[in-house]
Amino acid sequence: ETGVTQSPTHLIKTRGQQVTLRCSSQSGHNTVSWYQQALGQGPQFIFQYYREEENGRGNFPPRFSGLQFPNYSSELNVNALELDDSALYLCASSRNPRDPGRNTGELFFGEGSRLTVL
Amino acid sequence: GENVEQHPSTLSVQEGDSAVIKCTYSDSASNYFPWYKQELGKGPQLIIDIRSNVGEKKDQRIAVTLNKTAKHFSLHITETQPEDSAVYFCAASEAGNMLTFGGGTRLMVKP
């Protein structure tokens, strides 16, 4: 049990629709990262949020966007859904490695939101 | 950017035997190498990690080795048990928490 919670756990959308996924980070963590995991593959980094700003981005188009709130929770938004967006979306919380004090940079993952696009 | 290759993709061992999973990475700036275990329907769970200033780290039946010169690192599980059956992922990063994952290894431990 990592303390990272994601919602919804499963959802089905159709092509062209928009989706919002939510994540609550573990207590004491100020950084949230999102990953996309296609079936049978390793997770791929989408982006990371720190202090409510995007702090790094992987190779994903602008229709993937996010937010981080003052309580460090986060949202992932995907517009104009495509069939290939079907995947498990994982949220991970951590402390930022550049923060002072004991900080190992470990990521703690939630159970994921499984998105199916028809 | 970083590229992480992992092999084998599947590994079947008898209970009690050892299992070894190997990964290579491309970016010499990477300095953090975690291993995650993912069970069916769950998110990845960190099982062990190693940083570039260390060559080997052990935690009970699990050990990880790192060769920075050759840019490869390995996970060793001894005395495997059926509950070790899962998908294992290696990863690498420079910034500490923007990870590049390998493709995964499905480990099956036969009782």
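Quick caveat, the model's predicted, so the values are computed rather than measured. Note: hydrogens, waters and symmetry copies are ignored here, and every other heavy atom, side chains too, is used.
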Starting from [Y], can I reach [X] by hopping between I/L/V/M/F/W/Y residues whose side chains sit under 4.5 Å apart?
X	Y	value
B:Val20	B:Ile47	no
A:Trp34	A:Tyr50	no
A:Val4	A:Ile46	no

Q: Answer with side chain, backbone, both or neither: which region of A:Gln37 has an atom nearer than 4.5 Å to a non-hydrogen atom of chain B?
A: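 A:Gln37 touches chain B through side-chain heavy atoms alone.
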Q) side chain to side chain donor-acceptor pair (under 3.5 Å) with A:Asn77: which residues, sequence neighbours excluded? A)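 Per chain and number, A:Asn77 pairs via side chain to side chain donor-acceptor pair (under 3.5 Å) with A:Thr20.
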Q | Residue, of A:Gly56, A:Pro43, A:Cys91, that accumulates the most heavy atom pairs under 4.5 Å with chain B | A |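 Looking at each of A:Gly56, A:Pro43, A:Cys91 in turn, A:Pro43 comes out on top.
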(Q) For the interface with chain B, which of A:Gly40, A:Gly42, A:Ala92 has the highest count of heavy-atom pairs at distances below 4.5 Å? (A)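 Answer, by heavy-atom pair count under 4.5 Å with chain B: A:Gly42.
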Q) Okay, side chain of A:Tyr35, backbone of B:Leu99: is any donor-acceptor separation there less than 3.5 Å? A)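 Pair found, side chain donor or acceptor close to backbone of B:Leu99.
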Got a sec: does the [atom1] of [X] have more than 12 other heavy atoms crowding it under 6.0 Å?
X	atom1	answer
B:Glu79	CD	no
A:Leu118	CG	yes
B:Gln60	CD	no
A:Tyr72	OH	no
B:Arg61	CZ	yes
A:Arg15	CZ	no
B:Lys22	NZ	no
A:Asn59	CG	no

Q.
If the contact rule is any heavy atom under 4.5 Å from chain B, which residues of residues 82-90 of chain A qualify, in numerical order?
A.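 Hits under 4.5 Å: A:Leu88, A:Leu90.
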Q: Please name all residues satisfying side-chain contact (heavy atoms from CB on, under 4.5 Å) with B:Thr10, sequence neighbours left out, ordered by chain then number.
A: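 side-chain contact (heavy atoms from CB on, under 4.5 Å) list for B:Thr10, sorted by chain: B:Arg106.
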(Q) As an exercise, state the distance from CZ of A:Phe108 to CG of B:Leu46, rounded to the nearest 0.5 Å. (A)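 One finds 6.5 Å between CZ of A:Phe108 and CG of B:Leu46.
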Q. To the nearest 0.5 Å, what is the distance between CD (B:Glu39) and CD (A:Glu111)?
A.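 Between B:Glu39 CD and A:Glu111 CD, I get 9.5 Å after rounding to 0.5 Å.
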Q. Taking all atoms of both residues into account, what is the closest heavy-atom pair of B:Asp49 and A:Glu106, and its distance?
A.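 Scanning both residues, the minimum pair turns out to be OD2-CG, 3.7 Å.
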Q) chain A heavy atoms under 4.5 Å from B:Gln38: which part of the residue, side chain, backbone, both or neither? A)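 Side chain of B:Gln38 only, per the 4.5 Å heavy-atom cut-off to chain A.
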Q: Name, in order of residue number, those residues of residues 83-92 of chain B that have a heavy atom at a distance of less than 4.5 Å from a heavy atom in chain A; otherwise write 'none'.
A: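 From residues 83-92 of chain B, the residues near chain A are B:Phe89.
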